[in-house]
Structure formats: C-alpha cells, structure tokens
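Read the structure below first, then the notes.
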Amino acid sequence: MNDAATARQRQRDPRGPLPAIRFRAEVIPSDPGTIRRLVASTGFFSRQEIAIAVELAEERLAKGAPSGYEFLFAERDGGEVAGYTCFGEIPCTVARYDLYWIAVLDDFRGLGIGKSLMRRTEERIAQLGGRRIYIETSARDQYLGTRIFYERCGFREEAILKDFYAPGDHKAIYLKELSAVSR
C-alpha cells in the first residue's frame, strides 16, 4: 500500500491498514476455544448460540469431513484468528449449502475481513459443487448491519418467517446463486 493509500486507510480507520491475512480450512484443537472468544466478542450472540458455534467445530474435530461442517479461518500473521466461517451442504438437496456462521473478531470488524471470508467461502462452496448458498438471521433491528452486509455481498432476501425465533423475532433467509464463473 502506498503512503497516500495508507493515509486514506488511517482516516477511515485509525487502526491502520488491513492486516496481512492468510486462510486455512483445517480445524485444529485450539479452534473451539478461539471460536468461543471470537463469537462472544461480537456481542450479538447468546450463551446458547455461542455453545452451538463451538459444538460445530468440536464435531468437525471428532468426525472430520463426515460431520458435514466445513470451516474457513482468516488468520493474521502470527496465527491469530481474526474471523471464520462455518458452512455445509444442506442434506437432501442438490448443490445447496448453508452458511451457518460468519464472524469477525470485534477488533477487526470493518476492515474487509468479513468480505474476504465471504468471497473465499463462496469460492470453496463452488469448488465443492455448490450452486446456491442460504443464510438465516434474525430480522431484529440489532441485525440490520448483518443483513446489509449480506446484501452488499450479493445475497438477496428470499423469505421472512414470522415469529420464528420468538414472538416479534422473525427469521430472514438470504440466498445467493453462484454464477458459472464462481464454479
């Protein structure tokens, strides 16, 4: 990044330029604890939801690929996990995938890591033969930024299930069809 670009980045975000990121798909034994801290740092999820995120990583460690859960981790230099996704093929469908989790450590939100994770996850799903990706989230106001993020990544709202999570807490389902270029 040149000096002018670095200055613009610092104006946008005083933390400096986007840290160097590498991606890995393998789940390692320290990941369940890392996922617990990362998901909790967002301030969005209940203890029960955090436990489920951890459980999926533990399931992958215990069963490997037959678990049905795939992961992608974004790591900074030095191996610190800055964000991750968890996704898998939807049983009894053809080439349909769910994105179960995407989360970025609160200190690194707004730096483009989420978009990079999403793009890399879409590429991986396409490599696995996926043609559609579904994402579910709450329609509560707290999740407005999340829904805007999905839309900016090319997803469209496909359905709203009224009072799904609780009275007044609707489920929003988003869909993205992967283009032939992605596959």
Side-chain angles (χ1 to χ4, degrees), residues 19-42 44-109 111-138 146 149-150 153-155 158 164-165 171-183:
I21 298 292
R22 72 177 185 90
F23 296 89
R24 72 171 161 87
E26 177 188 0
V27 178
I28 59 176
S30 62
D31 285 333
T34 298
I35 288 170
R36 179 180 307 284
R37 286 186 301 280
L38 193 155
V39 173
S41 84
T42 68
F44 277 83
F45 302 105
S46 69
R47 275 190 226 167
Q48 183 181 16
E49 290 168 321
I50 294 167
I52 290 168
V54 171
E55 183 181 316
L56 300 183
E58 291 170 341
E59 181 91 4
R60 176 63 190 218
L61 281 170
K63 295 183 178 177
S67 71
Y69 301 115
E70 301 286 336
F71 287 81
L72 186 63
F73 294 90
E75 294 181 328
R76 290 183 37 174
D77 287 338
E80 179 186 12
V81 175
Y84 89 106
T85 59
C86 176
F87 54 97
E89 189 170 14
I90 302 171
C92 301
T93 68
V94 176
R96 281 29 178 179
Y97 279 73
D98 263 330
L99 179 66
Y100 301 115
W101 288 92
I102 181 168
V104 173
L105 192 65
D106 193 52
D107 289 346
F108 296 103
R109 292 179 69 202
L111 296 177
I113 294 169
K115 272 195 166 178
S116 293
L117 268 168
M118 186 68 84
R119 184 176 36 78
R120 296 276 185 132
T121 298
E122 290 171 12
E123 289 169 1
R124 180 67 184 130
I125 289 171
Q127 290 169 352
L128 293 168
R131 294 189 178 182
R132 285 184 162 198
I133 303 172
Y134 292 88
I135 302 173
E136 302 170 0
T137 191
S138 172
T146 301
F149 170 77
Y150 295 150
C153 288
F155 287 80
E158 186 71 5
F164 182 86
Y165 296 109
K171 178 195 281 192
I173 301 172
Y174 285 80
L175 165 66
K176 184 170 187 177
E177 297 195 43
L178 299 177
S179 68
V181 175
S182 301
R183 294 193 291 261

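For this chain, numbers begin at 1 and follow the sequence in order. Here the structure is a predicted model, which is why all the values come from computation and not from measurement.
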- Item | Spatial distance of atom NZ (Lys176) from atom CD (Glu122) [nearest 0.5 Å] | 3.5 Å
- Message: Just to verify, what does Arg132 make a salt bridge (Lys or Arg N to Asp or Glu O under 4.0 Å) with, not counting sequence neighbours?
- Response: Glu177
- Query: Distance from Phe164 atom CZ to Ile173 atom CD1, nearest 0.5 Å?
  - Reply: 7.5 Å
- Where is the tightest heavy-atom contact between Leu117 and Ala103, given as atom of each residue plus distance? CD1-O, 4.3 Å
- Who are the ring pair (Phe, Tyr, Trp, His ring centres under 6.0 Å) partners of Phe155, not counting sequence neighbours? none
- Query: Checking ring pair (Phe, Tyr, Trp, His ring centres under 6.0 Å) against Trp101, which of Phe45, Phe73, Phe71 comes through?
  - Reply: Phe45
Would you give me the side-chain donor-acceptor pairs under 3.5 Å for residues 84-93, sequence neighbours excluded?
from: Thr85; atom 1: OG1; to: Thr121; atom 2: OG1; distance (Å): 2.8
from: Thr93; atom 1: OG1; to: Ile90; atom 2: O; distance (Å): 2.6

- Non-neighbouring partners of Tyr97 that pass ring pair (Phe, Tyr, Trp, His ring centres under 6.0 Å), sequence neighbours left out: none
- Message: Applying side-chain hydrogen bond (donor to acceptor under 3.5 Å, both in side chains) as the test, list every pair that has at least one member in residues 22-40; sequence neighbours left out.
- Response: Arg22-Glu75, Arg24-Asp31, Arg24-Glu75, Thr34-Arg37
- Query: If you look at every heavy atom in Val27 and Ala57, which pair is closest and at what distance?
  - Reply: CG1-O, 4.0 Å
- May I have all residue pairs that pass salt bridge (charged side-chain N to carboxylate O under 4.0 Å, His left out) and include part of residues 47-59, sequence neighbours excluded? Glu59-Lys63
- Message: For Val39 versus Ala53, what's the shortest heavy-atom pair and its separation?
- Response: CG2-CB, 4.2 Å
